S.K.: 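For reference, the structure I am asking about is given below.
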2 protein chains.
Amino acid sequence: MSAKGKAVRTRTSSTEIGDSIFDGALDLLEEQGPAGLTVRGVAIRAGVAPMGVYSRFGSKDGLIEALFVHGFTTLQDAIDSPTEPDPLNRLRAGCLAYRHFALSHPQLYHLMFAQMMVLQLSEESLESARHSFATLTERVSTAMHAGELRSADPVEVAQQIWSAMHGAVSLEIADVHFAIDREASYASMLDALLHGLGAATR
Amino acid sequence: MSAKGKAVRTRTSSTEIGDSIFDGALDLLEEQGPAGLTVRGVAIRAGVAPMGVYSRFGSKDGLIEALFVHGFTTLQDAIDSPTEPDPLNRLRAGCLAYRHFALSHPQLYHLMFAQMMVLQLSEESLESARHSFATLTERVSTAMHAGELRSADPVEVAQQIWSAMHGAVSLEIADVHFAIDREASYASMLDALLHGLGAATR
DNA sequence: ACAGATAAAGAACAACGTTCTATAGGGAGC
DNA sequence: GCTCCCTATAGAACGTTGTTCTTTATCTGT
């Protein structure tokens with residue numbers, strides 16, 4: 001309050017706004033799910049005005065799109081991070097890391113795939129999803145060349161593996177999972193599929 | 001308009017309102033996706049007042065829950081409908097019917113799983129999801145008893161199959177599918193998994 | 001036929017995403 | 001350092017949404 005009784009406007013340094021909003025959105029999303037992602041809620045969390053979402057991300061959808069890209073970029077890193085010398089083991093470890101990412105960020109993972117049917121996504125954003133798929137395909141291809149998986153179109157095989165992983169973690173984070181040991185169930189499904197694709201029994 | 005210039009209220013027979021709203025919601029959902037599912041939009045489509053959603057379904061969420069139950073009930077029928085004499089073939093046909101259902105009702109399928117992470121669902125509604133899973137488990141169990149799948153906990157195995165199916169169709173209806181022949185890709189993944197679970201090579 | 005309960009229609013309210021208006025930060029020029 | 005102007009920030013207003021409240025018509029029981 002100023003000496004004249006008028007409210008004093010505070011103003012955030014413009015270099016911090018984008019990050020504050022993005023971090024606030026990420027936090028609110030995991031804490032409250034998609035219902036927590038309101039423009040006002042994010043702005044309050046970030047300590048800025050709601051208009052900041054529009055100047056920085058263009059719209060609420062733009063903010064969601066930024067979360068989408070961040071999610072796929074992080075997912076790609078997860079698939080890519082294992083460094084086992086054996087190609088099949090490296091692929092498998094990447095698949096385990098996939099689940100770990102999803103379970104560590106359940107709401108973000110859910111948003112990434114849910115928004116594909118909802119949001120009008122830019123080519124650039126879709127590219128981030130494609131990159132994570134390409135990383136998986138590359139790992140599959142390497143295991144094929146090493147003779148550890150039956151030779152086939154690596155894209156087709158990667159699609160199958162991705163489908164299985166996505167289905168498993170989606171049901172798991174939604175708590176629609178009736179198996180007792182969820183981690184073992186995921187590993188077992190993965191091994192059954194890899195075996196069906198030509199891997200030696202694990 | 002009455003002779004006195006006052007609008008004449010029309011009133012729908014109460015036995016029709018619930019069905020009109022539900023059918024309107026189902027149509028709008030498939031035509032426009034979740035964004036089309038507004039209370040006013042559904043009411044207009046059904047030719048009733050928005051308040052009808054509340055008296056019949058309790059809330060917008062209640063309407064969505066009715067769609068959820070309808071979806072899972074229909075999905076269960078799809079899994080259950082094949083009558084092939086051979087248990088493994090019957091299971092496999094049910095899995096193909098699963099995909100057919102999802103592709104025929106992409107938005108409904110998406111809503112069914114998306115809402116699991118969003119909606120506070122009644123025990124009754126969750127039971128409809130469990131019933132469709134139980135049907136799949138039963139089919140798995142029968143194939144095991146016939147010696148066509150390796151003996152294991154049928155729940156665990158059904159969970160794996162469901163995960164793979166769910167992942168595959170989810171990515172397919174979201175158009176995140178890089179394989180050339182999607183139907184063949186699904187069948188191939190299914191067969192690889194069933195083979196890994198003990199089925200003779202198809 | 002009449003009365004009362006209930007649910008249907010229509011209006012109003014609070015919260016939402018978005019756009020508009022007022023204000024302050026930051027950079028350029030002197 | 002000071003002034004001016006542009007831009008982005010905060011705050012307010014607007015249209016749409018889900019929901020609740022009020023009015024009105026249907027339905028049931030006597």
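Order of the sequence lines sets the chain letters (A, B, ...), proteins ahead of strands, with each chain counted from 1. Remember, predicted model here, so these are calculated numbers, not experimental data.
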S.K.: Could you tell me whether the phosphate oxygens of dA8(C), OP1 or OP2, come under 4.0 Å of any side-chain nitrogen or oxygen in S55(B)?
M.R.: yes
S.K.: Do the charged groups of D80(A) and R139(A) touch, with an N to O distance under 4.0 Å?
M.R.: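 A salt bridge is present here (some side-chain N lies under 4.0 Å from a carboxylate O).
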S.K.: Do the side chains of R92(A) and E84(A) get close enough for a salt bridge, i.e. N-O under 4.0 angstrom?
M.R.: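 Salt bridge absent between R92(A) and E84(A).
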S.K.: Given atom CG of L28(B) and atom P of dG18(D), what is their separation to the nearest angstrom?
M.R.: 12 Å
S.K.: Send over the distance from Y54(A) OH to dT18(C) P, rounded to a whole Å.
M.R.: 4 Å
S.K.: Please tell me which of A35(A) and G58(A) maps to the more 5' nucleotide of DNA chain C, matching each residue to the nucleotide holding its nearest heavy atom.
M.R.: A35(A)
S.K.: Treating E148(A) as the side-chain partner and L88(A) as the backbone partner, does any N or O pair qualify as donor plus acceptor under 3.5 Å?
M.R.: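 Yes, the answer is positive, given that a donor and an acceptor are paired below the 3.5 Å cut-off.
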S.K.: Give V53(A) one of three labels, base, sugar-phosphate or nothing, depending on what nucleic acid heavy atoms sit under 4.0 Å from its own.
M.R.: nothing
S.K.: Measure from CE on M51(A) to P on dC14(D) and round the result to the nearest Å.
M.R.: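 Computing the M51(A):CE to dC14(D):P distance gives 16 Å.
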S.K.: Rounded to the nearest Å, what distance is computed from the CD1 atom of residue I21(B) to the C1' atom of nucleotide dA9(C)?
M.R.: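 It works out to 12 Å between those atoms.
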S.K.: dT18(C), OP1 or OP2 - any side-chain N/O from R40(A) closer than 4.0 Å?
M.R.: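 Result: no.
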S.K.: Mind checking the CG-OG spacing from L171(A) to S163(B)? Nearest 0.5 Å is all I need.
M.R.: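 Rounded to the nearest 0.5 Å, the CG-OG separation comes out at 5.0 Å.
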S.K.: Is there a side-chain contact between R56(A) and the phosphate of dA8(D), meaning an N or O under 4.0 Å from OP1 or OP2?
M.R.: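 Checking R56(A) against dA8(D): no side-chain N or O falls below 4.0 Å of OP1 or OP2.
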S.K.: When the distance from CD1 of I44(A) to P of dG11(D) is rounded to whole Å, what number comes out?
M.R.: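 Computing the I44(A):CD1 to dG11(D):P distance gives 11 Å.
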S.K.: Take the protein atom NZ of K60(B) and the nucleotide atom P of dC16(C), then report the distance between them rounded to whole Å.
M.R.: 14 Å
S.K.: Using whole Å, report how far CZ of F57(B) lies from P of dA8(C).
M.R.: 11 Å
S.K.: Answer with base, sugar-phosphate or nothing: what part of the nucleic acid does L37(B) contact at a heavy-atom distance below 4.0 Å?
M.R.: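 Sugar-phosphate contact only.
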S.K.: Measure from the side chain of V39(B), starting at C-beta and using heavy atoms only, and say which of dA10(D), dT20(D), dT19(D) lies closest.
M.R.: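 Among the listed nucleotides, the one closest to the side chain of V39(B) is dT19(D).
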S.K.: Can a salt bridge be assigned to the pair R45(B) and E31(B) using a cut-off of 4.0 Å between side-chain N and carboxylate O?
M.R.: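 A salt bridge is present here (some side-chain N lies under 4.0 Å from a carboxylate O).
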S.K.: Round to the nearest Å and state the distance from I17(A) atom CD1 to dA24(C) atom C1'.
M.R.: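 Those two atoms, CD1 and C1', are 12 Å apart.
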